[in-house]
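This chain uses plain numbering: 1 for the first residue, then up along the sequence.
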Amino acid sequence: MPTGFGRLWTAQTVSSLGDGVSHAALPLLALTLTRDPMALAVVTAAGTLPWLLFGVLGGALVDRWDRRRTMWVMDAARAVLLAIPAAAAALDVLSIPLLAAVAFLLGLGGLFFDTAATAYLPDLLGRDPALLERANSRLRGTQTAASGFAGPPAGSALLALGRAVPLLADAVSFALSALLVRSLPAAPRPVPQARESLLRQARAGASYVFRDRLLLGLALRPAVGNIAFLAVETVLALFAHDRLGIDTYGFGLLLTAEATGGLLGAGIASSLGRRLGTGTALTCTAAVEGLAILGLAAAPNPYVAGLALAVCGAGMGATMVLGPSLRQAIVPAHLMGRVASTSRMLAMCAAPIGAFLGGWLATSYDIRTPLYAAAVLLLAMTAVTASMTNNRRVEASLRAAAPAGGPDHPASKEPAQESAPDLL
């Protein structure tokens, strides 16, 4: 691994630790302001709305900008932003609208950071498929450990010290990450496309995804998954408290159980891909996630619920290594930002649907209903994955992309691809 990868790894680990603190603290913080499931859904959905509004355009901008600079500036901006709700909490003027606004702006910063980081990694590793898979496994594993193991219990504990404390901890993590990212080696700046408007470039990136059945399948998998997972996440704190009798500290431990599975899944992803093939492995993880959420919905006690979340986390962890690694290996460098943002946009745009679906089902029916609905969606996704991202398609795309990400990818042989007509 290049020396710079260690710094990138450390930066994302530090930031993930802060995210884990907020992941546990924010739902509990919102619960101190309201018990309305739809109000909780608004806060959850607000963080995903930037992808709906600016996802593809954000990718086009990242393909024009210096990717390293984009990452550290976004981290620094998010560190400053978190001071606002921290001050509001300290002054006892925190509200659901303020939490929703901050979540939206944090999501906007995350849009640019995540897209730039996804595009920067292949440049850093020379677009080597084996290195990309290894790097994503390490990044995903430590992200899960930091945001899952250490973060949630710490968030619950810090919240007991004061409502502003978890938010300040996350702000510090963003500031440290910004300093580390700024020290990374510069990557080659994307070659600008001659006289093309931002909108036209954004459309070309979206068209590239929708024209490629494998890339579309890789994008649809997390999109459907986000509908399911956000439906669960929106009501999980309420479900854990009202149906399982879990207190504030126990909720942090419940999230840690999911992270335990996620860490295992990230660790075995490469081995699973080699033994089964990436396509078959992705199909299996979709089935595992659906069955695990079904078990969570039927869980009679916190122990069964924790086991179900651990199994679900394992499926998610493996998926989040295999899918992005494959995409980074087959997409040309000059399109990486736009393809990554289009794929992430589909996933993130689905998230508000899941959040509001979870709130509506819980309000109209029962607190377990969103979990059963999520399980059905994930099991249905298994069939889609088996069709669109099977081993045959994966192997054909990897062969066509050799050398990794080079001009031999079939779509990159067509000069007209950049100026393809809008298919959306």
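Across all their heavy atoms, L238 and I367 have their closest contact at CD2-CD1, 3.9 Å. When every heavy atom of A89 is checked against every heavy atom of A164, the shortest pair comes out as CB-N, 3.9 Å. A228 approaches A374 most closely through the heavy-atom pair O-CB, 3.4 Å. Smallest separation of non-hydrogen atoms from T389 and V394: O-CG2, 4.0 Å. Closest of all the heavy-atom pairs between C312 and E289 is O-CG, 4.0 Å. For P332 against Y208, the heavy-atom pair with the smallest separation is CD-OH, 3.2 Å.
Not a single donor-acceptor pair under 3.5 Å links the side chain of S177 to the backbone N or O of Q12. With hydrogens and angles disregarded, a donor-acceptor distance shorter than 3.5 Å links the side chain of R68 to the backbone of L184. Side-chain atoms of R221 come within 3.5 Å of backbone N or O of L282 as a donor-acceptor pair. Between the side chain of D114 and the main chain of L111, no donor-acceptor pair closer than 3.5 Å is present. Looking only at distances, no side-chain donor or acceptor of N390 sits under 3.5 Å from a matching main-chain atom of G279. One N or O on the side chain of N226 and one on the backbone of A347 form a donor-acceptor pair closer than 3.5 Å. Side chain of E233 to main chain of A355: no donor-acceptor pair is present (N/O by atom type, distance under 3.5 Å, no hydrogens or angles). Formation of a donor-acceptor pair under 3.5 Å by the T382 side chain with backbone atoms of L379 is found in this model. Counting only distance, with no hydrogens or angles, the side chain of R7 and the backbone of S183 share a donor-acceptor pair below 3.5 Å. Checking side-chain atoms of S207 against main-chain N and O of R203 turns up a donor-acceptor pair under 3.5 Å.
Between V93 and L98 the shortest side-chain heavy-atom distance does not fall below 4.5 Å. When side chains are defined from C-beta on, S341 does not count as touching V62, because their heavy atoms never get closer than 4.5 Å. You'll find the side chain of P370 stays beyond 4.5 Å of the side chain of L357, heavy atoms only. Taking the side chain as every heavy atom from C-beta outward, T342 and L215 never approach each other to under 4.5 Å. In this structure the side chain of V235 never reaches within 4.5 angstrom of the side chain of T369, judged on heavy atoms. Residues Q328 and N136 meet the side-chain proximity criterion, which asks for heavy atoms closer than 4.5 Å. Between M336 and V339, the closest side-chain pair of non-hydrogen atoms is not below 4.5 Å. A heavy-atom distance below 4.5 Å is not found between the side chains of T70 and F113.
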Working note: T285 + T319, criterion side chain to side chain donor-acceptor pair (under 3.5 Å); need CA distance, chi angles, decisive distance, verdict. CA-CA 7 Å; T285 56; T319 301; 2.9 Å; yes
M381 and I227: side-chain contact (heavy atoms from CB on, under 4.5 Å), yes or no, with the steps? CA-CA 11 Å; M381 191 62 212; I227 295 177; over 6 Å; no
Check step by step if side-chain contact (heavy atoms from CB on, under 4.5 Å) holds for R134 and S325. CA-CA 9 Å; R134 192 186 313 165; S325 298; over 6 Å; no
Determine whether V42 and F356 satisfy the following criterion, side-chain contact (heavy atoms from CB on, under 4.5 Å), listing intermediate values before the conclusion. CA-CA 8 Å; V42 168; F356 287 113; 4.1 Å; yes
Could you check L296 against F239 for side-chain contact (heavy atoms from CB on, under 4.5 Å), going step by step and ending with a plain yes or no? CA-CA 10 Å; L296 175 65; F239 172 76; 4.2 Å; yes
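More than 12 heavy atoms of other shown residues, nucleotides or ligands fall within 6.0 angstrom of atom CZ in R368.
With sequence neighbours left out, R327 forms a salt bridge (charged side-chain N to carboxylate O under 4.0 Å, His left out) with no residue at all. Listed by chain and residue number, V14, D170 satisfy the side chain to side chain contact (heavy atoms under 4.5 Å, CB included) test with S173 (two or more places apart in sequence, or in another chain). The ring-ring contact (aromatic ring centres under 6.0 Å, His included) test applied to F5 returns W9, not counting sequence neighbours.
To the nearest 0.5 Å, the span separating CG on L49 from CZ on F54 amounts to 10.0 Å. Of the inter-residue distances, the one linking T280 atom OG1 with L322 atom CG reads 11.0 Å to the nearest 0.5 angstrom. Atom CG of L180 is separated from atom CZ of R182 by 12.5 Å, given to the nearest 0.5 angstrom. Taking OG1 from T115 and CZ from R338, the interatomic distance works out to 12.5 Å, rounded to the nearest 0.5 Å. Taken to the nearest 0.5 Å, the CG atom of L94 stands 4.5 Å off from the CG atom of L99. In this structure, the separation between CE on M388 and OG1 on T283 is 12.0 Å, given to the nearest 0.5 Å.
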